[in-house]
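Residue numbers begin at 1 in each chain, while the letters A, B, ... track the order of the sequences.
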Amino acid sequence: MKRIYIIVFLGVITNLSSVVSGQDSLKIKTGFTEINPEASATAAGSIIPDDILAYDNIRSVADAVTGRMTGMTGSDNLRGIGTVLFVVDGVPRDPAFININDIEQITVLKDVHAAILYGNSGASGVVLITTKHGSGKNKEIRVWGDYGIAQPRALPQYLSTADYMENYNIARINDGMEAPYSDETIENFRYGKSYRYPSIDYYSDEFLKKQKTFSNVGINLSGGSGIASYYSSIIWDRQDNLLKIGSTNFQTNAFNFRGNVALEVSNRIKTSIDAVAYFSEESKPLINGGASDYWTEAANLRPDRFASFIPIGIIDPEVALLQAHKLDIQGKYLPGGTLDVMTNPIADIWLAGQRQDVIRDLSFANKIDFDLGGLTEGLALHTNISFDIFSTCNQYVQNRYSVYEPVWDAGQDKVIDLKKFGEDARSGIQQIGATSGQRRIGIYLMLDYHRTFGGIHHLSGNLLGYTTHLYSTASIQRDQNTNLGLCLAYDYGHRYIVDFSAAEVRSIKLHKGNRTAFSPSLALAWVMSNENFMADATWIDLLKVRASAGMMHTDASMGYFLYESAYVTSPVPFYWSDRSRSREGIMPGFNANEQLYFEKRKDVNIGVEGSLFKRTLLFEANGFINRGADLVTRALALYPGYYESYASYENYGIEDHRGFEVGLQYRQKWGDFDASIGGNILYATSKVVQRSEIYADSYRYRTGKPVDAIWGLVADGCYADDIAEGAIPAFGAVQPGDIRYIDQNYDDVVNDDDEKMIGRSQAPRSFGVNLKLSFKGFTLFALGTGRNGASGILSSSYYWAQGDSKYSTYMLNHWTEDTEYSATYPRLSSQANNNNFRSSTFWLYKNDYFSIDRIQLTYDVPIKAGNKLSLRNLSVFVNAVHVFTFSPSKDILLLNIGTEPQYRTFSVGLKTLF
Amino acid sequence: MKTIKNYQVSIFKSPFIALLLLLMLCWSCNNLFEPVDENHRTYERVIHTPTDAEGLLAAAYLRIPACALSELDAATDNAVSNNKNSDMLRMATGQWSAAYNPVSNWNSCFSGILSVNQFLEIMPDMNWKKSVPYLNELYLKRFNGEAHAVRAFLKFSLLQAAAGIDANGELAGIPLVNEYLTADADFNIPRASFAESVQSIYDDIDTALVYLTMDDYKDVNNEADLPAGYGKDVIGSDEQGRPLFSNYNVIFGTEMSQRISGRIIKALRARVALLAASPAFNIKNDLALWEKAAEYAGELMKSINGVSGLDPAGHRWYLKMYVDAISIDNEQPEIIWRRGKQQHSENEAENFPPTFYGRGRINPTQNLIEAFPMQNGYPYRHASAGYDPRKPYDKRDPRLDLYILRNGSRFKGTDLITGVGGKENAKDSVANSTRTGYYLRKLVVEETSLDPIGTTYLFHYDVFIRWTEIFLAYAEAANEAWGPALDPKAYGFTARDIIRAIRKRAGIDQPDAYLNSITGKADMRTLIRNERRLELCFEGFRFWDLRRWKENLNETARGVEINAAGTAFNAVNVEQRRYEDYMYFGPLPQQEVLKYNALIQNNGW
């Protein structure tokens, strides 16, 4: 009796289904344990990077996941609900620092039922990553390397000085002012090639290379004998910088060291030790004292402002400032500038110094597995203690330099005098900035039980105690995730599966009485293919229907001490007695609410999955409804504006996400020819069900609309000579060529009250397709992803040319009286134009695309068995990544403004296995 | 039983099971699983900690707007801003609405009022200095006075910005909130009438004056100087029966200066009365309201002996030599209430012309230039003015060059050029150039250097109330109540006397023939309003003055274009003003009107 009593308390971690991912994976590693996917009731999917690497040279977890996992959109969003939690070897960690070659398996847990053991922070889904460990079986050595080039997919195109001046003149005339640039000046800038007429294109081949290179080499060794097994790897990643000028040291190097050793201490105890070190160092120029970077500056500095540098050769040698100068560029140029721009990125690159951005990540884990079969058959205990240290900083020695404004000779292109701004100074002091660090302790203990009674009753369960503490320099509070989980599963003859899991979630963010919450979930599955009545249908390998429902409690989005009242101090104190006396102002932060409780995620899933014709066709389909309830918010619409800072935090908001996903994979062999094609699609939509808000017009309420709704005015073309007609815009006086908006509420004024939902920022439909063709050692692989139904608003300075900002080619087809019917851009203005430059359908673009993300041709070189090198495998490949994108908004989607460009890459490489 | 015992033993013999149990124990062990104490300031702490409680009052003090260098004039005919994203520019050019209101102080002032009300609730029981009962009582008196005075200031600001004819045609004031509101309070509070709102301010002022009977905070060392209500019985006495001046001086001494004292409250009262008597709110032109305004200002001026108390440097108190010289023991006579002195260069960074590394933000208009009379006192258009259009800045009221940088001004050792050939400083040449041909000189300290090599930070202070405002308030009210030349209350000064003194101080030639020529109330009104415009320019008055006077809000802001020789001056339009008629009164916040049906919006918004 007692034994059974204990057994009931144990359980098995939920079995996870094999999913349609083009993989023949059988065992699924959950980070805590390893289970058999055949009999599982939850929605999950798994991939094995090594299998993918055989035909697709992915570089990261993001590459591995994107387009391949049913239910994922992009690399880190599940079902549009939110960013998933990445759990690496049982502990939440950033997957960016793990090399894909070190990963054994990636699993996505889609329903709350499966994610519930991860507690709190797993509310938007969990991606589990297990790293490689040595197996006792055979020795393996892998060596691989690749080399490639990365080319910008698109670069911003700004107007030259002459074109800028022409258009700026139009803008000024539009504003009723005089044109500041004469035709002569413009012609000089257009045809004058000297430094006297600067027209700087920061994206030209004067400053940027056509492409940058990268490489990746690595080796890993694994094996074992008898009681010990090991895994060890060293990987070096390198890429250089697109900048053509300045130091050749501008590049990024990352080293990844990983090793683990497992020992069989006795026939019932196994232990292993893991150690990981990651170092990366990016050398780059110190731009604007570290406050900026090249791409930001390039997107903002107008071409006409100044010559970035002035050749010393054209300066009159008698100029005193020239003789006195200390810093110059390679002895040939003086840095250029003006009164209000005393640094420039080009001079910074040469003179301001170099900066290293350093990332270090160390982690260490100890695992012990006890076989407690002696206590009761099928029982095991696992412990895992891990410790991570992560730190980043940048280091630089900053030099200051003076810039010079030339005074030109009236006739010749000679500089007869200089004006100097700033001063030359080498500080010689190494600065260490932007330091941040994290350390994480993770502990879990799990009792695990699997047993089959009478050959037909499969009982399994586990009991898990789990805690991670993340200490970060950014916060005084440690981010804590503590969880007590229980899973119980009963499987009758691999036909009927009942699976109950529950977690007792704990939060230190809540008032003492409310710190724990019970999160249960239940999943049921019926494996129809194992029924006797289907025994004749031999073409069905697996057919399973399943359903799950669960509720998770989470505190992930809350702050600390929100349940207590808080008063804050004023930004500045109240002073008197000529500031010799002061008193800090005490202002309300928020009122107390001791009832504040966890947010809830309620989730219902139904699904079907199967395999037909001896795994020729694999399929999976899931429908889901996910409600976030009791979302913590301040119900500001219930209080006057002046009382908002007293309003307490409450469990108030409700948001729904619902949708479905379908995945299919088909594989066929004809002799030497092996083809496989697959795809997955996700439809996901959302709705705000309850939110504290108040608007004058019903269409402005966010409630009832998607969570990701885009709000704006509805544009109705541009004004011509009909300004007096219709509603009056409230964003400043308009003139012909300004955007006209629809007055939604017929109050004869166009203002914020006329904003309505004009789109969604998150695509409701997203999909991925893959194709693999093999013939006699050659494999061609392609992966495409796409989205449909989302929009975006153009709002960067590249598209909104106003005031004195830099002009891009985007505004060339602007409104004038002559282009009234063909213009695609409103009239130009040298002022801030609040009427035109605001969220509206005028700036809306379709964010639909289909992109061929990856293409690779691989050749497996035939190897003679038993060769001298003991070489078991050798393959070479060429691949192309992010090469083709099809979209009505391709130009917009491919262009990065103010940040490093998107790249397309081409690489060649080889892989060996000994 | 035996089996159970053996079983337990076997469990505890296994160290791993023990480890698991340890984890379970940790579960309930709160020391490991507690948040780090962030030492929050909770409500309980605030009501038990005197410094925190006084912080509630301090927070309300901080909500009182100062008449410091203000961009608000850029929303009037006095100036424009060269900041293309300026809120003032947006407001003045047609974007002002109940949803977009850069001059709204609704939430800020009501927050301050709630803070004061909460302070008044917890103040009586607080241990300010219970070990010395006399001191504790004195603290209570000062805090009571200050709290009511701060509330009066905040109500005045609200009234100025939000009072007006509401949608029902009633002259409405503000909701009166004289108690702290808890979260379950009924927030649907209607606006009191304008008269009730004014009375509520007077009530707070009267209460404050019961406690704050001293003009200024000054150390007192003899019995005769003790203000009313602060005798021996209140401040305590020593064994010889002498008053304990030290008790008084701790609470009301010199060290308390720059907190609100009796004189400051009376100055506020004059300000309130002037608003209440003004045409926008005094619809029937009730002369008794003007009289009240004149009396409140007049009584106060009498305390400094009227015209002879006018500070000779009162129109240029912000110059470096004056600012450097003052201290709490040696105040500038002009100042009634000011903030502490502070070294910074914000005003200069904002307003210096570009070649002096400034952003040239506030650009005075040609309209304002034209408001300055000639040195001889005549308006520039007057037949006797002697104005030369080729030398428009010659022989002008010296205040023009004091307050405004124009083409040819000597500034920091060079001649400023804003016309053709002035490079960055020329009108409309770079983003930081002037849009009108003028830069601001008032309230910026010329001696400041903004050169990145050797930036200097010089002393400045912000002013809440200064005497010139009170003098002008008197002149305005007395002229309306009694005409330019009558002094029925025998203060010893008339409206004309005040204006004469102010113009004389400015450097207008004496005798002031133009002033002498003005005899009618209406002409005098025009002159007083013009003097007020000049004296108080760039301190945030004009925007509200135009409204309470119901004057034209839509004078187009103009600038001047000057040729390279500096001989041709061509006035040009720079910025249209687009105010509607209903904009004489500001809006209530749109969100509040939506939320609370008892709150009636002003007409038109």
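Heavy atoms of B:Arg359 lying under 4.5 Å from chain A are absent altogether. For chain B, no part of A:Leu510 is nearby; none of its heavy atoms comes within less than 4.5 Å. In this structure, no portion of A:Pro588 lies under 4.5 Å from any heavy atom of chain B. Contact of A:Tyr646 with chain B is made through the side chain alone, with heavy-atom distances under 4.5 Å. When heavy atoms are compared at a cutoff of 4.5 Å, A:Arg583 approaches chain B by way of both its backbone and its side chain. Heavy-atom distances place both the backbone and the side chain of A:Pro640 under 4.5 Å from chain B. With a 4.5 Å cut-off on non-hydrogen atoms, A:Asn833 does not touch chain B at all. At a 4.5 Å heavy-atom cutoff, the contact between A:Glu584 and chain B is made by backbone and side-chain atoms alike.
Checked by atom type, the side-chain pair A:Gln735/A:Asp175 shows no donor-acceptor distance below 3.5 Å. Checking A:Glu504 against A:Asn483 by side-chain atom types alone, no donor-acceptor pair falls below 3.5 Å. A donor-acceptor pair shorter than 3.5 Å cannot be found between the side chains of B:Ser81 and B:Asn83.
One finds a salt bridge joining B:Asp52 and B:Arg45 here, because a Lys/Arg side-chain nitrogen approaches an Asp/Glu carboxylate oxygen to under 4.0 Å. Ion pairing of A:Glu405 with A:Lys420 is absent here, as no side-chain N (NZ or NE/NH1/NH2) approaches a carboxylate O to less than 4.0 Å.
Under the side-chain contact (heavy atoms from CB on, under 4.5 Å) criterion, B:Val420 pairs with B:Ala564, sequence neighbours left out.
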